[in-house]
Every structure is written in structure tokens, then in C-alpha cells.
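The structure presented is a predicted model; accordingly, all values stated were derived computationally and were not measured. Basis for what follows: all heavy atoms, side chains included, without hydrogens, waters or symmetry-related copies.
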Amino acid sequence: MPLDAAATTYLLRHGDDNLIESQRLCEWVARAPRIEDDVALLNIALDHLGHARELLTAAGNREGHGRSEDDLAYGRNELEFSNAILFEIPNGDFGQTIARILTVAAWHSTLYRSWVGSDFVELAEFGPRGVREADYHFEYARTWAERLALGTDESAGRFRAGLDSVLPHVGELFVDDTVTDRLGAEGWVTSPSTLKDECIELLTSCLGPLGLSVEPVATPVQTPGRLGHHTEAFSPMLAELQYVRRAFPGGSW
Amino acid sequence: VNAGLPLLERARAAAEAVEDPELVDVTIGDLGLVRDVRQEGSTVIVELTPTYTACPAFEVIRDDVLEALNVAGIEYAAVVRRLSPPWSSDWVTERGRAALQASGVAAPRERASGPIGVQILRAPVYARSESAECPVCGSDRTEVTSWYGSSACKSLCHCLVCDETFESFKTVEESRL
């Protein structure tokens, strides 16, 4: 696989992860338990959108066919999206959403840290700022994880059920494939499989003291999301995300 | 404007005087967003670093800088967005801190003692007090009521003395990565 093709695919994956996470969190607008958390969830969504813009723009530049961030976000179909399944699973209740934010933030904090100083210049540029923003999401989710897990039987049960829905999808993030192998051989990225322990350790630093376990996280043999094979819940979400651009092609205001 | 100054000084002065679109009387120079002004051929390049990657005001700021450079008589100019090294609230100037405080937004803490994501955010958030100075009464007895405010760079605080609610510019220490 040519290096530029691998680099483009890698940027697209992580751009898509952020775009889809942002869209899911946006579904919380005006629905969160309190206005402070409404604002928080949407701020986190905005961070993810900013990260998606950065990474999709970089992917378009690497690809070299003149595709903009908007072309990539609004112009592709389901099969062309390479986000991991973790990011597209429905929000569930607030407990499940907090479980996902916590998990996603632990992953991003670990991933972006590995980008710092990389010879893959787009990643090196993004890394330090990305780590900081992911850490802030993690700490926000942690405070809610504590309150839910140590709160009432109802809140603890819901948070635990949320984790049970989220954690089975984490394994996909740690799978090495031809793309990461190619970039890894060049010394540009760390293999996802070697980021697993650090990510799980970070998650455990929050969940362990609450009596909740992360292990075992199985590394699956397949990466459906990365290959464009999405869940049934994905299409309606993508339709909503892309509606305006498809209804008014080329429209501007 | 400043016609007697050399080109790059004139360009820097024009760029730094652009007001942040989401704040009152606070310039992007005050916030430390202008990282470099240089010349490449006949083009003046201004490097800007956003406070947060997703800052939605960035495009407006970029356009305002280009406009300001144009008004300053600089014919060819470009703005380059730079994320690394990441912006730090340590880059906010003294004038900027005073301007924030005067506009009702608490200035970030000076020279934070640790990375914000690691040190100050460990305690349960709503019980935690932070040393933001109330922009209304000047008291240090304040607490964070919400980590997130009306923009990515601000959180929401409450003054325990005068009971006022106010926004606080988040403290972001310089990256050690």
C-alpha cells in the first residue's frame, strides 16, 4: 500500500470517528438532565467537530483530489465511512452516554499522546492540543461516573448497563491492519494493539475505584466499522447529518 | 495607520489590534493568538493559534485580520492556522487579563501549577472551588458551577461573596508534551 494512501485512510478513520461522535452527542441538545450538562455535552460535541474538521481537511489534502472537509463529511455514503462502531452506537440513556464519553476520551487521550512528535506531520501538529481536550472530556465524564456509580441503585445500575453496552465495541480500536502496519513500518504511528494497555489502564483509573471492571477487552478479528460495514442505527443518523447538503446541493447562505 | 513603521511591525500591530468577536474590548493580541508575522516574497504571513481546536470564531478572526491588514495598506497577506504548540492561557497579556476582568469575564489563573486536565479537575466538580477572581466584587471565594460555558474557552463560576454568576476564561497551562 502506498504511504500516502495509508496516511489518507488513517486520517479519514479518525476524522470519521470524531464526526460521528459529535453527531451522536448533538442528539442530546435540549435533552440533558440539567442545562449545565446540556451545555457540556454540546461543548464536547463541538470539540469533536473541530477535531473532525482538522483531520478530514488533512485527509483531503493528503488524498490530493481536491475534496474538502465538507465534501468528505456530507458527500460520502455509509459504506465509505470508516468510523469504528463504538462511535455510532445509539446514545441510550444519560448513563450510557457518560460511559461512552469516558471510553472515547480514554482512547483519544492515549491515541493523541502517541501522535506527539510523529514524523506524520499532521498528527504531530494535532497531538498536544488533542490530548488536552480529550483529558478535559475524561475528567468531566469521570465526575459523572463517580456520581452515578456511587449514587442510588438506579443510577449505579444504569451506568453499569451503559458500560456493558459500550465496552464490547472498544476492541475494534486496538486492531492492527494493513493501514496501521504500513504507517507503523515507517515509524509514523504506534500500532493500535500496543495502545491497548495504556487506554485500559486510564479507563481503569476511573472505574476501578468505583468497583467496576473493564477487563477483559477482547481484540476482535474483524473491524467492521473501519471497513464501512456499519450497524442499522448508522444510516438514519447519517441521513440527518447530511440532509441539508443533499436537499440543497451547492447551497450557500 | 502607523504608516511610518516598517512593514512587519505595521502588520503585527494591525493583526494584534483585531478584537475577539466573542469578547468585549479584548483583542487577539491580548489573548496571545498571534504567533508569528513574517514575509514570504511579497506576501505577509500571519500565524494564528486558536484557543481551542474547534473555536467557531476562528474563521471570523481570520477574515478580520485580513481586513485589518488590508486597511493597514498591506496588499498581499495570508493567515496560517497553527495548532502546535497549543495555545496556553499563559500567553494572555497583562492588558488582556485586565480587559477580560473589566468585561466581566474572570481572567485565567496566572502560571498554573499543573496541567488543568490532571491536577485541578480531580475533585468532584460541583464541590470544587477555583481561584477565579470574581469580576464583580473582586473576591477569590468563588466556585466552578459548570466546566463548560458559552464557549469552549470559558467555564461558569459562582461568587460565594456577592452571589454573582460569571464566566471564567479557562486556565490552560503550556503544553509539556
Chemist: Could you state the interatomic distance from CG (D38(A)) to OG (S146(B)), rounded to the nearest 0.5 Å?
Modeler: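 The OG atom of S146(B) is 10.5 Å from CG of D38(A), to the nearest 0.5 Å.
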Chemist: Would you say E27(A) has more than 12 foreign heavy atoms packed within less than 6.0 Å of its CD?
Modeler: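 More than 12 heavy atoms, drawn from other residues, nucleotides or ligands, come within 6.0 Å of this atom.
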Chemist: If you compare all heavy atoms of A54(B) against all heavy atoms of D47(A), which two are closest, and at what distance to 0.1 Å?
Modeler: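 So the two residues come closest at CB-CA, 3.8 Å.
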Chemist: How about CZ on R12(B), more than 12 heavy atoms from neighbouring residues, nucleotides or ligands closer than 6.0 Å, or not?
Modeler: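 Yes, because the 6.0 Å sphere around CZ of R12(B) holds more than 12 heavy atoms from other groups.
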Chemist: Look at E125(A) together with R81(B) and state whether they make a salt bridge at an N to O cut-off of under 4.0 Å.
Modeler: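 Looking at E125(A) and R81(B), the cut-off is not met.
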Chemist: Let me know if A124(A) has heavy atoms under 4.5 Å from chain B in its side chain, its backbone, both or neither.
Modeler: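 The answer is the backbone of A124(A).
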Chemist: For the pair R132(A) (side chain) and Y52(B) (backbone), establish whether a donor and an acceptor sit closer than 3.5 Å, ignoring hydrogens and angles.
Modeler: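 Side chain of R132(A) to backbone of Y52(B), a donor-acceptor pair under 3.5 Å: no, none is there.
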Chemist: With a 4.5 angstrom heavy-atom cut-off, could you sort out which part of P85(B) is near chain A: side chain, backbone, both or neither?
Modeler: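 Neither; nothing under 4.5 Å.
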Chemist: Select one option (side chain, backbone, both, neither) describing which atoms of V39(A) are under 4.5 Å from chain B's heavy atoms.
Modeler: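 For V39(A), heavy atoms of backbone and side chain both lie under 4.5 Å from chain B.
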Chemist: Please report the shortest heavy-atom distance between T51(B) and R129(A), naming the atom on each side.
Modeler: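 Closest approach of T51(B) to R129(A), heavy atoms only: O-NH1, 2.9 Å.
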Chemist: Measure distances from S88(B) to the heavy atoms of chain A and classify the residue's part below 4.5 Å as side chain, backbone, both or neither.
Modeler: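 Contact with chain A: none, neither part.
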Chemist: When heavy-atom pairs shorter than 4.5 Å are enumerated against chain A, which of A152(B), G149(B), P50(B) gives the highest number?
Modeler: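 Highest number of pairs under 4.5 Å: G149(B).
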Chemist: With only heavy atoms counted, which part of H137(A) is less than 4.5 Å from chain B, the side chain, the backbone, both or neither?
Modeler: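 Both backbone and side chain.
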Chemist: Assess whether atom CD of E186(A) is packed by more than 12 heavy atoms of other residues, nucleotides or ligands within 6.0 Å.
Modeler: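 Yes.
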Chemist: Assess whether atom CZ of R38(B) is packed by more than 12 heavy atoms of other residues, nucleotides or ligands within 6.0 Å.
Modeler: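 Result for CZ/R38(B): enclosed.
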Chemist: Within the supplied structure, the quantity of interest is the number of heavy atoms (other residues, nucleotides, ligands) at a distance under 6.0 Å from R62(A) CZ; does it exceed 12?
Modeler: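 Buried by this count: over 12 neighbours within 6.0 Å.
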Chemist: Below 4.5 Å, heavy-atom pairs only: which of L156(B), L177(B), T53(B) has the largest tally toward chain A?
Modeler: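 Looking at each of L156(B), L177(B), T53(B) in turn, T53(B) comes out on top.
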Chemist: Should the ring pair Y148(B) and Y136(A) be called parallel, tilted or perpendicular, given that the plane angle runs from 0 to 90° and is split at 30 and 60?
Modeler: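 Taking Y136(A) first and then Y148(B), their aromatic rings stand perpendicular (interplane angle over 60°).
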